[in-house]
Every structure is written in structure tokens, then in C-alpha cells.
Engineer: 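This structure is in C-alpha cells; I'll ask about it shortly.
All of these numbers come straight from a predicted model, not from anything done at the bench. These values consider heavy atoms only, across backbone and side chains, with no hydrogens, waters or symmetry-generated copies.
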Amino acid sequence: MVQKKNGNGVPVDLESKLWSAADKLRGHIDAAEYKHVVLGLIFLKYISDAFQELYDQLSQDEYADPEDRDEYLAENIFWVPREARWLNLQQNAKSPEIGVMIDRAMAAIERDNPSLKGVLPQDYGREDLDKRRLGELIDLISTIAMGDRESRSQDILGRVYEYFLGQFASAEGKKGGQFYTPKPVVRLLVEMLEPYKGRVYDPCCGSGGMFVQSEKFIEEHGGNVGDISVYGQESNPTTWRLCKMNLAIRGIDGNIGTHAADTFHENLHRDLRADFVIANPPFNMSDWGGNLLDDDPRWIFETPPTGNANFGWVQHMIYHLSANGRAGFVLSNGSMSTNTRGEKEIRQRIVETDLVDCMVALPPQLFYNTQIPACLWFLNKAKPAHRKGETLFIDARRMGYMIDRTLRDLSEEDIERIAGTYHLWRVGNEEYQDEAGFCKSATLEEIAGHGYVLTPGRYVGAPDVEDDGEPFEEKMDRLTSTLREQFAESERLEAIIKDNLGKLGYNF
């Protein structure tokens with residue numbers, strides 16, 4: 001019997017069990033806190049499972065010592081000290097001291113695994129965390145295998161983690177979205193950039209989704225994951241820890257610094273020149289300390305306005321691109337057309353420098369945390385000769401489908417169509433053709449003629465209306481006749497309504 005799975009590839013019964021685990025704490029602690037409680041325990045169960053499986057194997061080998069840390073390091077498995085092993089926590093799940101025991105377990109793991117230092121949550125012992133529900137959570141998680149070899153080969157935890165990040169972002173709304181870029185948006189960015197080889201940089205990496213999807217892309221296309229190295233940073237300390245855990249469970253050696261840091265004011269990768277920059281900066285950030293950065297070398301084109309960080313992010317990313325580097329990032333739609341002093345001039349100079357490769361207008365309602373319409377920018381420092389002086393515009397606003405009343409998703413076909421169109425255009429394939437209402441290759445002269453506005457709708461025009469072959473005169477006669485019939489019907493209904501109201505004593 002084939003086990004039913006959801007769209008993330010997670011078995012449905014496993015998904016429901018894990019979400020039940022999260023629900024045990026919802027309503028009892030702040031929404032922004034409980035994801036760290038749940039994900040921290042799931043991470044602990046994962047590394048404990050992997051450890052225990054190897055421990056059992058070594059116990060069967062008379063020449064091996066299951067308590068030798070080097071045996072685990074050799075297999076790229078985290079060493080779990082005795083006090084941190086899941087069985088110990090499971091046996092004490094009903095103890096009123098279980099919160100303190102978890103904190104000690106997390107501290108012990110960090111102590112013995114330097115790469116996890118400062119990453120794991122250690123506030124399970126606090127008074128406001130219901131210990132009975134915490135024990136029930138441990139009991140439930142105990143029933144789920146996560147870190148054994150079979151689960152690792154299926155990337156069960158990775159997919160569960162990704163699912164949870166999305167669910168938490170949805171549940172938290174505006175606050176939750178700060179650490180999470182919706183999966184279809186990340187997939188589209190990665191499919192268009194194709195980061196097969198080189199340095200990949202995200203200056204506002206959130207929970208690390210861009211890095212995870214980049215490695216998935218390489219694996220799916222038969223590349224070598226070892227051919228890329230990832231760099232990033234994140235300013236929110238709790239989100240930084242989420243990222244470190246997200247990368248650790250996937251074995252990604254990401255250089256995101258030893259601590260959370262503000263990209264503008266503590267640039268951890270000052271000398272980095274990346275082959276790919278991929279990011280979703282916070283939209284329209286006003287309180288970013290731009291007034292303290294007047295003479296910053298990153299402002300290649302002009303100092304960005306202090307009231308909006310959008311073009312600070314754009315210039316930061318351009319600054320960190322290598323000579324042949326390409327960037328893909330999300331910004332609010334206003335960035336494509338703003339006339340605000342400073343922003344318009346920066347956008348114009350970016351266009352005149354021939355950096356803009358492609359602009360994509362996204363459909364609405366893709367994001368958990370904002371209703372602000374968004375777009376994708378793609379910049380290229382080394383356009384091929386046949387595309388110099390040109391920019392591709394794609395209007396995808398009518399694409400996608402509604403998951404529920406408030407949230408939209410992009411289908412695989414949508415992503416393939418957008419990315420495929422871009423790749424055909426980039427390589428100069430004869431199959432690429434401008435399509436009214438969807439895509440248009442425009443020259444710098446055309447863009448200048450539109451006042452350097454980069455909104456795709458300005459260029460692609462309206463979609464062609466398919467001709468049904470009906471002669472114009474016949475069509476007009478048919479429409480006129482239909483309108484007459486509708487008008488006559490409305491008059492008849494109005495007469496019936498008046499007659500019935502008259503019988504009730506209402507006179508007109």
C-alpha cells in the first residue's frame with residue numbers, strides 16, 4: 001500500500017501528528033515562541049535518532065566503542081552525550097523537572113558540538129511553559145522516527161521542517177513571515193538563477209530557505225552539491241538560530257556567521273564577491289539607520305533615501321556581486337516605478353548601466369506576512385553579447401491558484417513557464433517570442449521612453465483576444481438582441497414586483 005503524502009512529500013499521518021504536537025502549545029505561549037519550542041525538540045529527536053542508530057550498530061561490533069565520539073564524527077553524525085539522549089528525556093517526560101532537563105540536554109549538545117554553539121533553544125524550564133503539555137509533546141514526538149538512515153534518505157525531517165516553517169508563518173501572519181519566503185517564490189528565484197557552481201549569498205537569509213532550495217536544485221539536476229558554498233547573515237537572533245538548525249539537519253555547511261548581525265551596520269562578509277545573490281529583503285523598511293551610512297562604499301550609484309531601505313538592499317547586493325555575478329531578489333512593486341528622490345535616480349542608473357536582466361511581476365497574495373504587491377528583479381553583471389541593451393519583462397500577475405481564501409500558490413507549470421521563458425530569452429533561442437500580455441524583450445531606449453519605469457505591464461501590453469471568426473455585423477446584431485431580451489426581461493420582472501407590492505398596499 002502506498003502511503004499518502006501531501007504536497008511537501010511528507011506522509012499525511014506524520015504531518016498530522018507533528019502539527020498536533022504544535023497545537024498542544026498553541027494558546028499557552030506566544031505564537032512567536034512556540035515554533036522554537038517545537039522545532040527545537042524535533043531537532044533534538046532527529047540528532048538523537050541518528051546517534052542511536054549508529055550507537056546500536058557499534059554495540060554489535062566487538063572492535064568498536066559506541067562511546068567513542070570519533071566514530072560519530074567520521075559518519076557526519078552529531079555526538080549526543082548521555083544526559084541529552086532522547087530515551088532519557090522520554091523516560092522523564094512526566095517529571096515536573098522535564099523543562100530543566102531539556103535545557104541541560106541542549107546545553108550539553110552545544111558543548112560537545114561546536115558548530116551548534118549558541119543555536120539551540122534553552123528556555124524550556126521557564127515557569128510559563130506548561131510542563132504537562134511539554135511532556136505530552138515529548139511523548140508524541142517519541143512515536144515518530146526522524147533521524148534513522150531510512151528517514152534521512154527520504155529527507156523526512158527536512159520536508160517536515162520546511163512544512164512547519166510555512167505553517168508557523170501562516171499562523172503568525174505578519175510576524176511569522178519575517179523568517180520565511182514562500183516556497184514557490186524561492187523555487188522560482190532558484191530555477192531562474194540556476195546556481196550550479198560558485199558562491200551563493202543571501203544578505204537577509206531568514207531561516208535559510210534560499211540555501212536549501214539551491215542545494216535541492218543542484219541535486220535534482222544531477223549536479224554536485226559540493227560545487228557551491230553558501231554565505232549569509234540574519235539580524236534576528238531567534239531566526240538566525242532557526243537557520244542554523246535548518247542547515248544542520250540537511251548537512252549544509254553554511255557560513256552565516258557566529259551570531260546574528262545587521263547586514264547594513266555589521267557586514268559579516270565585507271570582502272565577499274558572490275557568483276549568485278538571492279534574497280527576499282524586508283519590504284520598504286524605514287527604520288534601517290541609513291542616516292549613519294552616508295559615505296558607505298556600497299552606494300555605487302547614489303546614497304539611498306533614509307526613509308526606505310529598498311535601494312540600500314539593491315546596491316548592497318550589486319556591491320557583493322562578482323564580475324560575472326547574477327542576482328535575483330524580491331522587492332515591493334513600488335521599487336519598479338517610484339519617483340521618490342534618490343530612488344528614481346538609482347533605478348535609472350542601474351538601467352543605464354545595463355544591469356537589469358529580467359523583471360517579473362508576481363501575482364498577489366503569495367506572501368504570509370504582507371499584502372503589498374511584489375516583483376522579482378534579476379540583475380546580471382555580464383550579459384551575453386546578444387542581450388546587451390535589452391531587458392526581459394514578464395507579467396505573471398494572473399498566474400497561480402488560491403490555496404485558501406487568503407493565500408495563493410504557483411503551480412509547477414507556472415514556475416516552468418516563467419523560468420523557461422527567461423532561459424529561452426537569455427540564450428537567444430529562436431523559440432523565444434514576445435507574447436502580448438505575458439512577456440516582452442525591451443531595449444534601453446524603450447525603457448528610457450517609459451521614464452525608466454520597470455513595471456512589466458508597461459511593456460507586455462494586453463493579451464491578444466482570440467478571434468472566434470464571427471463577422472463583426474453578426475456579432476453586433478447578436479449582442480444587441482441579447483441586450484434587448486435582457487432589458488425586456490428586467491421590465492417584466494419590475495412589473496411583477498410592483499404588482500405584488502401593490503397588493504400589499506404599496507402604491508407607486
Side-chain angles (χ1 to χ4, degrees), residues 201 203-204 262-265 267 270 273-274 277-362 370 372-383 387-395 440-460:
Y201 173 55
C204 42
D262 183 300
T263 302
F264 287 124
H265 299 278
N267 189 0
R270 190 177 302 275
R273 295 300 179 265
V277 175
I278 181 168
N280 175 23
F283 292 176
N284 305 326
M285 191 165 67
S286 57
D287 185 18
W288 64 288
N291 57 309
L292 304 175
L293 300 169
D294 282 348
D295 299 318
D296 198 285
R298 290 171 290 185
W299 310 153
I300 302 165
F301 299 109
E302 187 171 313
T303 302
T306 58
N308 193 317
N310 283 351
F311 283 91
W313 285 114
V314 174
Q315 291 187 94
H316 172 89
M317 289 185 274
I318 293 172
Y319 177 82
H320 280 290
L321 277 178
S322 68
N324 296 308
R326 293 192 293 128
F329 49 88
V330 188
L331 280 183
S332 65
N333 274 4
S335 65
M336 300 188 290
S337 58
T338 175
N339 284 318
T340 300
R341 180 174 176 80
E343 294 183 329
K344 179 183 178 182
E345 289 75 12
I346 294 170
R347 187 179 66 245
Q348 177 174 337
R349 292 187 63 185
I350 292 172
V351 172
E352 290 174 337
T353 312
D354 200 17
L355 284 173
V356 185
D357 215 24
C358 179
M359 299 295 301
V360 180
L362 293 172
T370 181
I372 298 173
C375 61
L376 301 183
W377 288 60
F378 292 91
L379 306 181
N380 189 349
K381 273 199 168 182
K383 284 186 181 180
R387 286 305 181 199
K388 288 191 181 297
E390 292 182 57
T391 295
L392 177 64
F393 292 91
I394 296 178
D395 190 346
K440 162 75 176 176
S441 182
T443 64
L444 291 181
E445 290 75 17
E446 289 176 276
I447 298 172
H450 283 283
Y452 297 96
V453 169
L454 297 177
T455 307
R458 290 279 189 103
Y459 301 90
V460 304

Engineer: Carefully, step by step, assess Asn380 and Leu355 under the rule side chain to side chain contact (heavy atoms under 4.5 Å, CB included).
Structural biologist: CA-CA 5 Å; Asn380 189 349; Leu355 284 173; over 6 Å; no
Engineer: Which heavy atom of Asp395 sits nearest a heavy atom of Gly457, and at what distance?
Structural biologist: OD2-CA, 4.0 Å
Engineer: Can you confirm whether Phe264 sits close enough to Leu292 that some side-chain heavy atom of one is under 4.5 Å from a side-chain heavy atom of the other?
Structural biologist: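 No. Closest side-chain heavy atoms not under 4.5 Å.
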Engineer: Is the shortest heavy-atom distance from the side chain of Thr338 to the side chain of Asn308 under 4.5 Å?
Structural biologist: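 In short, these two side chains do not touch, never coming nearer than 4.5 Å.
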Engineer: For residues Arg298 and Leu293, determine if any side-chain heavy atom of one lies less than 4.5 Å from a side-chain heavy atom of the other.
Structural biologist: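 Yes; the side chains approach each other to less than 4.5 Å.
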Engineer: Looking at every non-hydrogen atom in both residues, tell me the closest pair between Thr391 and Lys383 and how far apart they are.
Structural biologist: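 Closest approach of Thr391 to Lys383, heavy atoms only: OG1-NZ, 3.9 Å.
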Engineer: Assign the ring pair Tyr459 / His450 to parallel, tilted or perpendicular, where the plane angle (0 to 90°) is split at 30° and 60°.
Structural biologist: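 Taking His450 first and then Tyr459, their aromatic rings stand perpendicular (interplane angle over 60°).
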Engineer: Do any N or O atoms from the side chain of Thr455 and from the backbone of Arg458 form a donor-acceptor pair under 3.5 angstrom?
Structural biologist: no
Engineer: At their closest point, which heavy atom of Phe301 faces which heavy atom of Gln315, and how far apart are they?
Structural biologist: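 Heavy atoms only, the tightest pair is N-OE1, 2.9 Å.
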Engineer: Is the closest side-chain heavy-atom distance between Leu444 and Lys388 below 4.5 Å?
Structural biologist: no
Engineer: Looking only at heavy atoms, what is the nearest atom pair of Arg347 and Gly451, with distance?
Structural biologist: NH2-O, 4.3 Å
Engineer: Would you check if the side chain of Glu302 reaches a backbone N or O of Ile346 as a donor-acceptor pair within less than 3.5 Å?
Structural biologist: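 Looks like no, no N/O pair under 3.5 Å.
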Engineer: Any side-chain heavy atom of Phe283 sitting closer than 4.5 Å to one from Ser335?
Structural biologist: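 Heavy-atom side-chain distance check fails, nothing below 4.5 Å.
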Engineer: Tell me, do Leu392 and Phe378 make a side-chain contact under 4.5 Å, heavy atoms counted?
Structural biologist: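 Not touching, per the 4.5 Å side-chain cut-off.
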Engineer: Looking at every heavy atom in both Glu390 and Asp354, which two are closest together, and how far apart are they?
Structural biologist: N-OD1, 4.1 Å
Engineer: In terms of side-chain geometry, is the basic nitrogen of Asp357 or Arg326 positioned less than 4.0 Å from the acidic oxygen of its partner?
Structural biologist: no
Engineer: Just wondering, do Met359 and Trp377 contact through their side chains at under 4.5 Å, heavy atoms?
Structural biologist: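 Trp377 vs Met359: side chains touch.
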Engineer: Report yes if the side chains of Pro281 and Met317 come closer than 4.5 Å at any heavy-atom pair, otherwise no.
Structural biologist: yes
Engineer: For the ring pair Tyr319 and Trp299, is the centre-to-centre distance below 6.0 Å?
Structural biologist: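 When the ring centroids of Tyr319 and Trp299 are compared, they turn out to be at least 6.0 Å apart.
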Engineer: As a quick check of understanding, evaluate side chain to side chain contact (heavy atoms under 4.5 Å, CB included) for Leu454 and Phe393, giving each step before the final call.
Structural biologist: CA-CA 8 Å; Leu454 297 177; Phe393 292 91; 4.0 Å; yes
Engineer: For side chain to side chain contact (heavy atoms under 4.5 Å, CB included), just list the numbers for Asp296 and His265, CA-CA rounded to whole Å, side-chain angles, deciding distance to a tenth of an Å, and then say yes or no.
Structural biologist: CA-CA 10 Å; Asp296 198 285; His265 299 278; over 6 Å; no
